[in-house]
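Here the structure is laid out as C-alpha cells; the discussion comes afterwards.
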Amino acid sequence: MNEQNNEVVAIDENHVIAERREKLKAIRENAQSNGGAAFPNDFKPDYQAAVLHAEFGGFDNEILDPKAVRVSIAGRMMLKRVMGKASFATVQDSSGRIQLFISKDNLTDENSEAIYDAFKHWDLGDIIAAKGVLFKTKTGELSVKVSELRLLTKSLRPLPEKFHGLQDQEVKYRQRYVDLIVSEETRATFIARSKVVAAIRSFMLDNQFLEVETPMLHPIPGGASAKPFITHHNALDMQMYMRIAPELYLKRLVVGGFERVFEVNRNFRNEGLSVRHNPEFTMMEFYAAYTDYLWLMDFTERCIRTAAIAATGSAVLQYQGRELDLSKPFQRLTIVGAIQKYAPQYTLAQLNDAVFLRAEILKFGTKPFDHAGLGALQLALFEETAESQLWEPTYIIDYPVEVSPLARASDNNPEITERFELFVTGREIANGFSELNDAEDQAARFHAQMKAKEAGDHEAMYYDADFIRALEYGMPPTGGCGIGIDRLVMMITDSASIRDVILFPHMRAEA
RNA sequence: GGGGUGUUAGCUCAGCUGGUAGAGCAGCGGACUUUUAAUCCGUUUGUCGUGGGUUCGAUCCCCGCACACCCUACCA
C-alpha cells in the first residue's frame, strides 16, 4: 500500500475512518521500526469459539483451573469493555463468539504495559488474536484469560451500531459482508442454504445420478419460455445467449447413455425482479431414464423433504408465521380440480367453456393469447384464482400441450401432457414431466412454437435442430424435473424475499 | 413498466402543519481489576439523497431526478 492509493479509496471518508487511518499509520510505523508486519500472517488459531463452548462450557473453575487449558483463538472484536486495568472483549469467529479477559497483570509479554494501552485504542471490527487459559467468570461465562494479545488486521470502517445491528436493507444486500459480520440470522440462512444444496447433491448421488455441467452460453436459448440475456463471442463473432434452462443439453446426455443426470447451476432470465425473482437463479434439474411424471413426483417429494430435514432438523416448518408441513404426502390436483377446490363458484360447465373462461380471465386484468385453447384458458384461470392459495405442498397436473412444448402427451388425452408443477406457500417450486422423446412430434412442436413466435409470442421457443437430431438417435423414455433452489431455500429458511437467500442479489447501480 | 412508502451524524433513530438540527451507540479525553448493549463525567462530527420552485426564510410545502423497500405486471 502506498500514498497514491489513498486518493482512489477515499470516496466516503468521514472522521471515524480518518481516526482509524491515523491508528493504522501508527501501527505501520511501529511495525516498521520493530521489523514486524502491520498486517501479520503468522498466527494460527488452534480453537474455534463454538468448539471451546462445546468442549469446556460444562466445566466450572474447579475443573478448569487444574487443567489449565491453553488455547489460541482469533476473530473479529465485536464488543469491548474497558475497566481501567482490566478489560473484556468479545471475539467472533466463523463458529461463534468467545469472551476474552484481558488484564495487564496476566499479559506475559515484556511490553505488556504498551500492549494493554494499545488494546484500549483498538476498535470494534478489528481482527485480533489471543492466547491464554480457559476459565469461568463470576457470572459463569467461559472466557479466555489472555496472556498474549495481538492485532492482526486493522479495520478502517466502523461496524453498524452494536445493539440494533444493520437495519438498512440496501446495505444488507449491497454490502453483504457487513450483514454477515453483524447478523447471526443472515449467517444461519446461508449455512442452511449450503446444507440444502449439499443434501440434495448427496440425495441425487445416492440415487445413482451423475452430476454434470452443461453450457451456460447457448447459441440457441432453449428449455424454457423466457427472455434470454444476449451476449457476444468476439473470436467467433457470434451472438450467444446466457442459458435460460439446461434442459435440452441434459436430455442430449440421456441420449448419450447417461441415464440419470443432474445439474445444480444458474439460469439467467431477462425479466423483472420481485421478492420471488432474481435475474440469475439456481435450479437443480435432473433426468432419469425409464421413469415418468408419477415417479418424478414421488422422488421430488422425497428430495425436498430430505433437504428440509438436513437444513432444519425437521420436515415441519414455520413459514412467515404459518405452519408448513412437508412430512405429509404432497397433494395432487388437476388444474380444473384445483379451481373447483379453491374457487368453487365456477361450475364444471363454465370451466369447459372457452368463451366463458376468456371473459372471466379478462376480469382479472390479464389478456389470454388469441390462439389460447381451452387448456391454456383453464391454466390462466387457475393462476388467477387458485395458485396463491396452494400453501401446503401440492402437485398440479394435466398441463395442456400448447404450453408444454417439451413434455410427453398423455396416452389417454392428446390435449394434455404428463406434466406437473409443485406449489408450496403459493409459489411454484418445481416443474417436471415425462419427456417428449418422439423426435418427429418434438419437431412439430418446435414448428408450432416458431409460428407462435412469429405471431408475437416473444417467449415462444426457438427451433433447435441439433436437439431434434439427438432425439432422432433415440432417447429412452425419461422423466425430468427442475427444482428452484432459491425458492426452496426461502421456504426452508423462512425468508420472505429471494434476496434474503442470494448472497449478492441483483441491484441497480449504486447512486 | 405502473402504484405506494422511504432517504436527517459512521450506525440506530427523533425533529411540533416553515425560523438554517438533536439523542443513543461508535470516536476522542478522563475515572474504574469480573464486564455482558458495562457504567460514570466531559467532548468532536451534518451539503438533512439530489436538482429546481414557492417564501423575507425550506429538513419541513410543491415539481423533477436517483436509489431502496413493499404491492402490481412479465416469469421460476
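Note that the structure is a prediction, hence the values are computed from the model and not measured.
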query: Hey, are A/E263 and A/T214 close enough side-chain-wise for a donor-acceptor pair under 3.5 Å?
result: yes

- prompt: Taking only residues two or more places apart in sequence, or in another chain, which ones meet A/S194 in a side chain to side chain donor-acceptor pair (under 3.5 Å)?
  reply: none

- request: Report yes if a side-chain nitrogen or oxygen of A/R81 is closer than 4.0 Å to either non-bridging phosphate oxygen (OP1 or OP2) of B/U34; otherwise report no.
  value: no

statement: Contacts satisfying salt bridge (charged side-chain N to carboxylate O under 4.0 Å, His left out) that involve residues 141-154 of chain A (not counting sequence neighbours) are A/D42-A/R150, A/D123-A/K154, A/D126-A/K154

- prompt: Who does B/C61 pair with, Watson-Crick or G-U, both distances under 3.5 Å?
  reply: B/G53

- prompt: Touch check for A/N106, heavy atoms < 4.0 angstrom, all strands: base, sugar-phosphate only, or nothing?
  reply: nothing

- prompt: With sequence neighbours excluded, what pairs up with A/Y462 under the ring pair (Phe, Tyr, Trp, His ring centres under 6.0 Å) test?
  reply: none

task: Could you list all the salt bridge (charged side-chain N to carboxylate O under 4.0 Å, His left out) pairs where at least one residue sits in residues 89-112 of chain A, not counting sequence neighbours?
output: A/K104-A/E113

message: Using a distance-only criterion (donor-acceptor N/O pair, under 3.5 Å, no hydrogens), is the base of B/U35 paired with the side chain of A/Q99?
response: yes

Please output the side-chain donor-acceptor pairs of residues 391-399 of chain A that fall under 3.5 Å, not counting sequence neighbours, one pair per line with the distance.
from   : atom 1 : to     : atom 2 : distance (Å)
A/W391 : NE1    : A/E323 : O      : 2.9
A/T394 : OG1    : A/E392 : O      : 2.8
A/Y395 : OH     : A/M297 : O      : 2.7
A/Y395 : OH     : A/E301 : N      : 3.3
A/Y399 : OH     : A/E421 : OE1    : 3.4

query: Taking A/Q175 for the side chain and A/V178 for the main chain, is one N or O donor matched with an acceptor at less than 3.5 Å?
result: no

Please list, for nucleotides 46-48 of chain B, all pairs of protein and nucleotide N/O atoms separated by less than 3.5 Å.
none

task: May I ask which nucleotide in the shown strands pairs with B/A68, Watson-Crick or G-U wobble, both distances under 3.5 Å?
output: B/U5

- request: May I ask you to say what A/E421 touches in the nucleic acid, namely base, sugar-phosphate or nothing, with a heavy-atom cut-off under 4.0 Å?
  value: nothing

Please list, for nucleotides 21-31 of chain B, all pairs of protein and nucleotide N/O atoms separated by less than 3.5 Å.
from  : atom 1 : to     : atom 2 : distance (Å)
B/C25 : O3'    : A/K162 : NZ     : 3.4
B/A26 : OP1    : A/K162 : NZ     : 2.6
B/G27 : O2'    : A/E19  : OE2    : 3.2
B/C28 : OP1    : A/K23  : NZ     : 2.6

message: Regarding A/F268, tell me which of base, sugar-phosphate or nothing describes its non-hydrogen contacts under 4.0 Å with the strands shown.
response: nothing

- prompt: How far does the P atom of B/A14 sit from the matching atom of B/A9, given to the nearest Å?
  reply: 12 Å

query: Ring of A/F281 versus six-membered ring of B/A76: centres under 5.5 Å and planes under 30°?
result: yes

statement: With sequence neighbours left out, the residues meeting ring pair (Phe, Tyr, Trp, His ring centres under 6.0 Å) with A/Y287 are none

message: Just to be sure I understand the rule, does A/D168 reach a base, reach only the sugar-phosphate, or reach nothing, if contact means heavy atoms closer than 4.0 Å?
response: sugar-phosphate

- prompt: Would A/K451 and A/E454 satisfy salt bridge (charged side-chain N to carboxylate O under 4.0 Å, His left out), going step by step from the backbone distance to the final call?
  reply: CA-CA 5 Å; A/K451 280 218 177 70; A/E454 282 160 21; over 6 Å; no

Please produce a list of atom pairs where a protein N or O lies less than 3.5 Å from an N or O of nucleotides 69-74 of chain B.
from  : atom 1 : to     : atom 2 : distance (Å)
B/C69 : OP1    : A/R499 : NH1    : 2.2
B/C69 : OP2    : A/R499 : NH1    : 2.8
B/A73 : N6     : A/L273 : O      : 3.0
B/C74 : O2'    : A/E459 : OE2    : 3.3
B/C74 : O2     : A/G272 : N      : 3.3

task: Return the value, rounded to whole Å, for the distance between atom CG of A/L79 and atom C1' of B/U39.
output: 15 Å

query: Which is true for A/G482 with a 4.0 Å heavy-atom rule: it touches a base, it touches only sugar-phosphate, or it touches nothing?
result: nothing

message: Whole angstroms only, please: what is the CD-C1' distance between A/E247 and B/A76?
response: 13 Å

query: Nearest-Å distance, NZ (A/K145) to P (B/U33)?
result: 16 Å

message: Without decimals, in angstroms, what is the distance between A/Q167 CD and B/G6 P?
response: 18 Å

Residues which pass side chain to side chain donor-acceptor pair (under 3.5 Å) with A/E29, listed by chain and number, not counting sequence neighbours: none

- request: Applying ring pair (Phe, Tyr, Trp, His ring centres under 6.0 Å), name anything that partners A/F423, two or more places apart in sequence or on another chain.
  value: A/F382

message: Using whole Å, what does the distance between atom P of nucleotide B/U34 and atom CG of A/L100 come to?
response: 17 Å

message: What is the distance, to the nearest angstrom, from the CG atom on A/L142 to the P atom on B/U34?
response: 19 Å

message: Do the side chains of A/R276 and A/D486 get close enough for a salt bridge, i.e. N-O under 4.0 angstrom?
response: no

statement: A/R174 atom CZ is separated from B/A66 atom P, nearest whole Å, by 14 Å

- request: Can you run down the ring pair (Phe, Tyr, Trp, His ring centres under 6.0 Å) pairs that involve residues 118-144 of chain A, sequence neighbours left out, and say none if there aren't any?
  value: A/F101-A/F135, A/F119-A/W122

